[in-house]
Engineer: 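Please see the structure below; I have some questions.
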Amino acid sequence: MMVIHAKHSKLKLWKSELTCVFLTKNDETNPWLNELDEIYGSLFKDLMKSREFGADEESIHVLHGNNKTKSKRIGLVGLGETKDLEWDTFRKAAAKAVKTAHAIGIEKISLIFPSHLVSEQFDESGLAQAVVEGALLADYRYDKYQTDQKAKISRLEELTLITYVSPSDRVYQGVRAAEVICDAVSFTRDLANAPGNELTPRELATRTAQMCRKNKIKIQIFDEKKLALLKMGGILGVAQGSSEPPRMIIMEYTGVKAKNRKPIVLVGKGLTFDAGGISIKPAADMDRMKFDMCGGAAVIGAMQAIAHLKLPLHVVGIVPSSENLLGSKAFKPGDVLTMYSGKTVEVLNTDAEGRLILADALAYAQKYKPEAIIDLATLTGHCVIALGYAGAGMMGNDPNVKSRLMDASKISSEKVWELPMWKEFDKQIKSHIADIKNMGGRPAGAITAAAFLKHFVGDYPWVHLDIAGTANSEEELPYTARISSTGFGVRLLVEALRKW
Ligand code: BES
Ligand code: MG
Ligand code: ZN
């Protein structure tokens with residue numbers, strides 16, 4: 001576990017292996033410039049003007065210390081132009097510093113808190129949170145299966161945020177929030193990165209129960225017998241092809257002085273492996289379908305963070321979890337399923353399984369007469385075609401909940417973008433023999449998936465986030481390793497709920 005401090009010091013007096021200073025271009029208000037000038041003289045000024053550093057975004061230049069400072073190394077970290085600053089600029093810059101520490105093999109790092117950049121746009125506590133988040137997210141690794149110790153990168157033991165004057169309560173609040181939230185993101189990432197043979201629906205339920213026990217969150221786990229009693233034909237249909245039984249995980253957190261009597265219900269798709277079923281997927285990259293439970297993992301992580309932060313809210317989390325395989329009992333194209341809600345669904349493609357298990361979870365959510373339902377799902381490849389890997393598709397029936405998520409998206413930098421749910425799309429999922437079919441073809445495939453879900457939310461305010469493109473990344477990102485879960489959704493949900 002990493003220890004995080006906030007301390008007031010001078011650059012010259014601070015003893016550290018690596019102290020990083022965040023710098024924008026033409027950074028005249030930065031109170032640390034004087035000291036940098038004193039320590040490095042013209043060298044520092046020249047670097048600021050040069051192509052060697054120049055304070056470009058995502059750049060870093062490490063200088064060795066000298067007899068004028070107790071820091072062994074000083075890292076100059078670029079933030080780019082002041083006018084272009086975004087919340088994520090700070091996370092990325094802190095991540096850059098941490099990755100540099102990893103590369104050098106340093107386990108303690110100090111980051112200078114850029115208090116001079118506090119503004120109307122960037123409040124002090126949020127800024128401290130963003131810097132610490134970037135550092136913690138970049139320090140995460142999934143290496144439990146690496147038995148060669150040398151292959152593992154060193155992780156940080158200690159992070160100190162250095163402030164120009166004594167750290168304010170707001171700085172401490174931001175640091176604390178970042179710690180709690182990143183703990184939750186790491187938990188989500190651990191669940192998502194776990195291979196399918198380790199993390200089955202039963203195992204997901206067990207780990208969620210452990211988390212809930214620690215955090216005084218109520219939990220119910222519906223096993224296959226209970227699901228059959230409830231006639232949850234969607235999740236049971238999908239699970240038929242596997243010898244691993246499905247689970248429906250239901251968490252309930254009621255904060256002291258909860259403001260809302262009707263809960264906010266979070267629903268997350270929990271396919272621990274999606275082979276596509278009888279409508280099997282191609283072999284290439286099928287391993288990535290262990291990530292098909294990222295929506296569920298994000299909901300579970302968000303529940304942990306909400307409880308740790310003691311938010312004054314009533315929140316329910318529902319995670320339907322199953323495998324989608326092709327055993328001899330597997331459901332087949334042409335089958336008709338009777339869902340928990342009573343609606344009938346013609347299965348045209350067994351690979352469109354996410355909407356089937358979500359349908360039962362969403363219909364069950366109505367039991368709570370919720371104030372709002374928000375679901376997260378790696379639901380369609382079509383959403384990746386529409387928005388790439390940059391943001392999640394947002395669809396739903398409630399402008400208010402959408403705008404809450406849009407606001408949270410701007411702060412968390414977990415991007416969402418709205419796709420229209422015009423009624424024209426509804427006819428694409430009409431069935432000849434049942435109420436609806438589970439596939440609407442290629443045109444607007446992300447939206448017809450949402451149009452399918454809409455049949456199961458009644459009139460409750462509801463927003464669906466298709467996170468197929470954002471839940472995990474092929475490429476290394478500023479604070480996500482390659483072929484790894486991003487934890488997308490946890491920070492977004494927590495930000496939206498903190499402001500609820
Ligand atoms: N889990 C997939 C969606 C997915 C695809 C997530 C790529 C991440 C990356 C989902 O179950 C699925 O297979 N959807 C189908 C639906 C189609 C058959 C209507 C798809 O997107 O092709
Ligand atoms: Mg599928
Ligand atoms: Zn799937």
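Whatever order the structure lists ligands and atoms in, that order sets their numbers, starting from 1.
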Engineer: Side chains of Asp351 and Ser279: is there a donor and an acceptor less than 3.5 Å apart?
Structural biologist: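 Their side chains do not contain a donor-acceptor pair, so the 3.5 Å distance test is not met.
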
Engineer: Any carboxylate oxygen within less than 4.0 angstrom of a Lys/Arg side-chain nitrogen, looking at Asp335 and Lys332?
Structural biologist: yes

Engineer: Under a 3.5 Å threshold, yes or no: a donor from one side chain and an acceptor from the other, between Asn193 and Ser485?
Structural biologist: no

Engineer: Would you say Lys415's side chain and Ser409's backbone share a donor-acceptor pair under 3.5 angstrom?
Structural biologist: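 Here the side-chain-to-backbone pair does not exist.
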
Engineer: Tell me every residue that passes side chain to side chain contact (heavy atoms under 4.5 Å, CB included) with Ser412, counting only those two or more places apart in sequence or in another chain.
Structural biologist: Glu414, Arg491, Leu492

Engineer: Using a cut-off of under 3.5 Å, which N/O atoms of ligand 1 pair up with protein N/O atoms, and what distance separates each pair?
Structural biologist:
{"from": "ligand 1", "atom 1": "1 (N)", "to": "Lys269", "atom 2": "NZ", "distance (Å)": "3.3"}
{"from": "ligand 1", "atom 1": "1 (N)", "to": "Asp274", "atom 2": "OD2", "distance (Å)": "3.2"}
{"from": "ligand 1", "atom 1": "1 (N)", "to": "Asp292", "atom 2": "OD1", "distance (Å)": "2.9"}
{"from": "ligand 1", "atom 1": "1 (N)", "to": "Asp292", "atom 2": "OD2", "distance (Å)": "3.0"}
{"from": "ligand 1", "atom 1": "1 (N)", "to": "Thr378", "atom 2": "O", "distance (Å)": "3.3"}
{"from": "ligand 1", "atom 1": "11 (O)", "to": "Lys269", "atom 2": "NZ", "distance (Å)": "3.2"}
{"from": "ligand 1", "atom 1": "11 (O)", "to": "Asp274", "atom 2": "OD2", "distance (Å)": "2.9"}
{"from": "ligand 1", "atom 1": "11 (O)", "to": "Asp351", "atom 2": "O", "distance (Å)": "3.0"}
{"from": "ligand 1", "atom 1": "11 (O)", "to": "Glu353", "atom 2": "OE1", "distance (Å)": "2.8"}
{"from": "ligand 1", "atom 1": "11 (O)", "to": "Glu353", "atom 2": "OE2", "distance (Å)": "2.9"}
{"from": "ligand 1", "atom 1": "13 (O)", "to": "Lys281", "atom 2": "NZ", "distance (Å)": "2.8"}
{"from": "ligand 1", "atom 1": "13 (O)", "to": "Asp351", "atom 2": "O", "distance (Å)": "3.0"}
{"from": "ligand 1", "atom 1": "13 (O)", "to": "Asp351", "atom 2": "OD1", "distance (Å)": "2.8"}
{"from": "ligand 1", "atom 1": "13 (O)", "to": "Asp351", "atom 2": "OD2", "distance (Å)": "3.0"}
{"from": "ligand 1", "atom 1": "14 (N)", "to": "Leu379", "atom 2": "O", "distance (Å)": "3.4"}
{"from": "ligand 1", "atom 1": "21 (O)", "to": "Gly381", "atom 2": "N", "distance (Å)": "2.6"}

Engineer: Keeping Asp183 on the side-chain end and Ala305 on the backbone end, is there a donor-acceptor pair under 3.5 Å?
Structural biologist: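 No; zero donor-acceptor contacts below 3.5 Å.
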
Engineer: Can you tell me how far apart CD (Glu198) and CG (Leu191) are? Round to the nearest 0.5 Å.
Structural biologist: 9.5 Å

Engineer: Number of protein N/O/S atoms less than 2.8 Å from the Mg ion (ligand 2)?
Structural biologist: 4

Engineer: For the side-chain contact (heavy atoms from CB on, under 4.5 Å) test, which of Val401, Val299, Leu497 pairs with Ile374?
Structural biologist: Val401

Engineer: I'd like to know if Asp88 and Arg91 make a salt bridge, using a cut-off of under 4.0 Å between side-chain N and carboxylate O.
Structural biologist: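 A salt bridge is present here (some side-chain N lies under 4.0 Å from a carboxylate O).
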
Engineer: For the residue pair Ala177 and Leu309, what are the closest heavy atoms and their distance?
Structural biologist: CA-CD2, 4.4 Å

Engineer: Taking Lys92 first and then Glu86, would you say they form a salt bridge - that is, a charged N and a carboxylate O separated by under 4.0 Å?
Structural biologist: no

Engineer: Out of Val267, Val265, Ile373, Asp398, which one pairs with Trp462 under the side-chain contact (heavy atoms from CB on, under 4.5 Å) rule?
Structural biologist: Ile373

Engineer: For a distance under 2.8 Å, give residue and atom name for each protein N, O or S atom next to the Zn ion (ligand 3).
Structural biologist: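 Protein N, O or S atoms closer than 2.8 Å to the Zn ion (ligand 3): Lys269 NZ, Asp274 OD2, Asp292 OD2, Glu353 OE2.
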
Engineer: Should the pair Glu353-Lys269 be classified as a salt bridge under the 4.0 Å nitrogen-to-oxygen rule?
Structural biologist: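 Judged by the 4.0 Å cut-off on N to carboxylate O distance, Glu353 and Lys269 do form a salt bridge.
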
